[in-house]
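Down below is the structure, laid out as structure tokens.
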Amino acid sequence: MKHQIQKMVSLALDRIAAEGVMPADQIPQPVIERTRDSRHGDFACNVAMVLAKLAKRRPRELAESLTAALPDSQVVKKVEIAGPGFINFHLSSNAYHGLVATIIERGHQFGRSDMGAGKRVQVEFVSANPTGPLHVGHGRGAAYGAVVADLLQAVGFEVHREYYVNDAGRQMDILAASVWLRYLELCDEELQFPANGYRGDYVWDIAAALHREHGEAYKCSTREVFDDIVPDEPQGGDKEAHVDALIARSRQLLGGNRYRYLFELALNTILDDIREDLELFGVHYEEWFSELSLSEAGSVNQTIERLRETGYLYESEGAHWFRSTRFGDEKDRVVVRDNGQTTYFASDIAYHLDKLSRGFDRVIDVWGADHHGYIPRVKAALEALGEDPSRLDVLLVQFANLYQGGEKMQMSTRSGSFVTLRQLRKEVGRDAARFFYVMRKCEQHLDFDLDLAKSQSSDNPVYYVQYAHARVCSVMRQASEKGVSVAISEGTDNLDRLIEPHELALLSRLSEYPEVVEAAALQEEPHQLTHYLRQLANDFHTYYNAHQFLAEDQSLRDGRVKLILAVQQVLRNGLNLLGVSAPENM
RNA sequence: GUGCCUGUAGCUCAACUGGAUAGAGUACCGGCCUUCGAAGCCGGGUGUUGGGGGUUCGAGUCCCUCCAGGCGCGCCA
């Protein structure tokens, strides 16, 4: 509908331009928007005000000429000029009859489009280090990334969802060492657990599994392990150096094979847990991309060599630096440490290079907002290597704060005192969690009220929307129990019986749905869809209370049943895009 | 100190990316169930859009400045 009106206005603009009112080569695409206030009609156009200066005419005067030049239309009943120069379009009552038929006919396809024209988009999200279970902070990135991906797919992009597994870095070694030390404790060794080690219960679990299956085959004495190790922080030393020394000692005492077994046991246990967790959260990936595979294939070293060839690499204090300041970064960045190890940044450049080389038209990263300082250096590296950095889009997701009983809950990964995504799901359920996570713009801090998400009351927006869907189902059940026929007629038959203001409002709302999906997808803003669904549910509940759907009058009933079936379909489609179920009863 | 993000009704947030009188939910008060599910609906008031300046027909939205909060500023990932 929007496009139809836009075409009409464009045509009118061409016509008056031909009359020499203004230069024909400077005519913009007119903006059509839905009115906020129904007294202003259904759609409004501001083009007369925008072009007033160019045409050297008063806005209202220009609007007069424009409306006179508008072509006739079946769907537009009345055109008015209002305010400073708005052109308001009032639709005729049958304008949306085709819409209802279309929704019913297209079913779950309604709202989808091919606007993306099959362009390939890669969306990387969550990508949490496999050093512990996912917590509620990751949950937001998971829900947000999943919905953005689904939205893009819905409007015709070919979407590739990917999880980057950081299975190569130092953090993984710290995890392995942590597991081993806990294992030693299970073997009745007494030791001082490092300040920088991972302390969560899951570390004990992995250690216990190792102990169960291999007895004391991995045991060493505490003396062997800690002999000559630099002191830890509580003893006045450096916690980083301490833990690095413990890692080196683990490798040395266990030997390559046993260390690798331990490392992979920890990695796989946690990764399996993460996979299952996300699966149960309704988040699916096309690919789990291993960082380790990058370095094993030599990509990281190749990337560093390519960078060296560009001349933007230099040596200083024994390390190799990338001159990212050349490309607007705050400071230069190390890619190879003085101990010869490549940095996380180095593999990340290699990874992004790999993504771009796979031929995606667009690459989207969903990151926690605490990583925002990282964007300039990644883009700098891509630019230095001759890639177009604008192909990469980084979406930052702010933290989610959990509230319970009005109290903010504090969390920290290292200390192990965090609420896991799994706990949250068990607590509030998948539907509420998914919905709450995407209810806010991603750059907003999210206050996640556990009590509200759990509550089965009208306060809870998830139930509000789901209830609207269940209500339609219930009406249809009632009809069959009462023996009332609700087999609907063909096409647009009987839709002319829909004349109540509530019905017209509902029709207009339904017509918005494809626009909302498109806007939410292109702007990467799932919250637009949650807001829309609440409005649609509200329109429906209002209608429900005002009118009897299963009317005596057969043709009236037919029209109304068609309308509420269309509502049901759109609610279902929208919830489905959010990864939230559309229950038939509650 | 410096860069990014945020600041809108008592609280949690919208505002179609520059449009008309800034809107929802919640909280508070009142009304609506012998008729399709009251997990619902209807009515009632709430604003110096953090402050100040600027840009223009028009600013919550863009620019400058100040104030407040969050995050970042490692040869960690």
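Basis for what follows: all heavy atoms, side chains included, without hydrogens, waters or symmetry-related copies.
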Looking at the side chain of Glu330(A), which of U35(B), C57(B), G3(B) is the nearest nucleotide? G3(B)

Counting any heavy atom closer than 4.0 Å, what does Asn46(A) reach on the DNA or RNA strands: base, sugar-phosphate only, or nothing? base

Does Gln466(A) reach the main-chain N or O of Ser581(A) with its side chain, forming a donor-acceptor pair under 3.5 Å? yes

Without decimals, in angstroms, what is the distance between Asp42(A) CG and A20(B) C1'? 16 Å

Choose from C4(B), A20(B), C75(B) the nucleotide whose nearest atom is closest to any side-chain atom of Thr35(A). A20(B)

Which part of the nucleic acid, if any, lies within reach of His547(A) when heavy atoms closer than 4.0 Å are counted: base, sugar-phosphate only, or nothing? base

Applying a 4.0 Å non-hydrogen cut-off, can you work out what Arg39(A) is touching in the nucleic acid: base, sugar-phosphate, or nothing? base

Any luck finding a side-chain donor-acceptor pair between Asn88(A) and Glu80(A) under 3.5 Å? no

Give the rounded distance in Å between these two atoms: CZ of Arg440(A) and C1' of G7(B). 15 Å

It should be established whether Thr542(A) places a side-chain nitrogen or oxygen under 4.0 Å from OP1 or OP2 of nucleotide C42(B). yes

Base G40(B) paired with Asn545(A) side chain (donor-acceptor, <3.5 Å): yes

Verify the contact: side-chain N or O of Lys331(A) to OP1 or OP2 of G74(B), cut-off strictly under 4.0 Å; return yes or no. yes

Need one value for Asp338(A): base, sugar-phosphate or nothing, where a base atom within 4.0 Å counts as base even if backbone is also close, heavy atoms only. base

Does C16(B) have OP1 or OP2 sitting under 4.0 Å from an N or O in the side chain of Gln523(A)? no

At under 4.0 Å, does any side-chain N or O of Asn538(A) touch on OP1 or OP2 of C41(B)? yes

Is there a donor-acceptor contact under 3.5 Å linking the side chains of Tyr144(A) and Glu524(A)? no

What's the closest nucleotide to the side chain of His445(A) if the choices are G37(B), U35(B), G70(B)? G70(B)

Would you please confirm or rule out a distance under 4.0 Å between OP1 or OP2 of C57(B) and any side-chain N or O of Lys53(A)? yes

With both distances under 3.5 Å as the test, what is the Watson-Crick or G-U wobble partner of G7(B)? C67(B)

Does C32(B) have OP1 or OP2 sitting under 4.0 Å from an N or O in the side chain of His541(A)? no

Quick one: label Arg58(A) by what it contacts on the DNA or RNA (base, sugar-phosphate, nothing), any heavy atom closer than 4.0 Å. nothing

Can you identify which nucleotide, out of A15(B), A39(B), C16(B), has its nearest atom closest to the His527(A) side chain? A15(B)

Counter-base of U34(B), judged by Watson-Crick or G-U geometry with both distances under 3.5 Å: none

Provide, to the nearest angstrom, the distance between the CG atom belonging to Asp451(A) and the P atom belonging to U12(B). 15 Å

Quiz question: by atom type and distance under 3.5 Å, do the side chains of Tyr543(A) and Glu503(A) form a donor-acceptor pair? yes

With syn defined as a glycosidic angle within 90 degrees of 0 and anti as anything else, the base of C33(B) is syn

Indicate, with a heavy-atom threshold strictly under 4.0 Å, whether Asn88(A) touches base, sugar-phosphate, or nothing. base

Using only atom types and a distance under 3.5 Å, with no angle test, would you say the side chain of Lys355(A) pairs donor to acceptor with the backbone of Leu392(A)? no

